[in-house]
Amino acid sequence: MELKEINVDKPKIKTLANCTVKEFLKQVNKIRHEVEDLFTAANIKEIRKNIPTFSGKETEEEKAEIIRKQGRKNISDILDNCLDKNVDKTVKVIGLMCFKTEKEAENMDVSEFYDVVFELLGSKRVIDFFMRLVNSGLIDTLTS
């Protein structure tokens, strides 16, 4: 049996990917502050400092594998901290990305929430903007 998407013709949710320039700029400023709060609460700055140590006897391939393993562990720890231990702060940030309060975001239908997250992740404008914020040091919890 093949599953098919049901088109319910829901109104499109306003997100950073489809808003006006003024709305975008005002909202990303709010988000910037909330992201810093989330990253502090989720201990991301400290987790990113977890780097592997080497004995000096490893081959380049072994070093690469050790680095990959540590990277996977760090990402897993960050996800645990954002998606479990600090889920309220994470929902608040994602809610702001679609112009919703924390409570409105919390009450979104899961498929609607999923659609919003992937629309944002697929938006070159949104990703480029946040990468530039990170690179500029305006969200310094990512770069330290």
Got a second to check how far Glu34's CD is from Lys30's NZ, nearest 0.5 Å?
10.5 Å
Are Tyr114 and Leu83 connected, step by step, through hydrophobic side chains (Ile, Leu, Val, Met, Phe, Trp, Tyr) whose heavy atoms are closer than 4.5 Å?
no
Hey, quick one: are Ile13 and Leu121 part of the same hydrophobic cluster, counting side-chain heavy atoms closer than 4.5 Å, chains of contacts allowed?
yes
Roughly how far apart are Phe113 CZ and Glu106 CD, rounded to 0.5 Å?
10.5 Å
Are the side chains of Thr59 and Lys63 in contact, using a 4.5 Å heavy-atom criterion?
no
Among the clusters formed by ILVMFWY side chains lying less than 4.5 Å apart, do Leu120 and Val87 turn up in the same one?
no
Transitively linked via ILVMFWY side-chain contacts under 4.5 Å: Val117 with Met131?
yes
To check you understand the geometry: which heavy-atom pair defines the closest contact between Arg125 and Cys19, and what is its length?
NH2-O, 3.3 Å
Donor-acceptor pair, side chain of Thr90 and main chain of Asn86, under 3.5 angstrom
yes
State whether the side chain of Ser123 and the backbone N or O of Glu119 hold a donor-acceptor pair below 3.5 Å, judged by distance alone.
no
Does Asp84 use its side chain to pair, donor to acceptor, with the backbone of Asp80 at less than 3.5 Å?
no
Flag yes if more than 12 heavy atoms outside Phe54 fall under 6.0 Å of its CZ atom; otherwise flag no.
yes
Check whether Glu46 reaches the backbone of Asn43 with its side chain - one donor and one acceptor, N or O, closer than 3.5 Å.
no
When rounded to the nearest 0.5 angstrom, what is the spacing between CD1 in Ile78 and CZ in Arg48?
7.0 Å
Look at the side chain of Gln27 and the backbone N and O of Leu96, then say whether any donor-acceptor pair between them is shorter than 3.5 Å.
yes
Is the shortest distance from a Lys or Arg side-chain nitrogen in Lys89 or Asp37 to a carboxylate oxygen in the other one below 4.0 Å?
yes
Measuring only between side-chain heavy atoms, which start at C-beta, is Met108 closer than 4.5 Å to Val116?
yes
Is the count of non-hydrogen atoms from other residues, nucleotides or ligands lying under 6.0 Å from Leu25 atom CG greater than 12?
yes
To the nearest 0.5 Å, how far apart are CD1 in Ile66 and CD1 in Ile51?
12.5 Å
To the closest 0.5 Å, what do you measure between CD (Glu104) and NZ (Lys92)?
13.0 Å
Would a single hydrophobic cluster contain both Val35 and Val91, if residues Ile, Leu, Val, Met, Phe, Trp and Tyr are joined by side-chain heavy-atom contacts under 4.5 Å?
no
Nearest 0.5 Å please: distance from the CG atom of Asp77 over to the NZ atom of Lys85.
7.5 Å
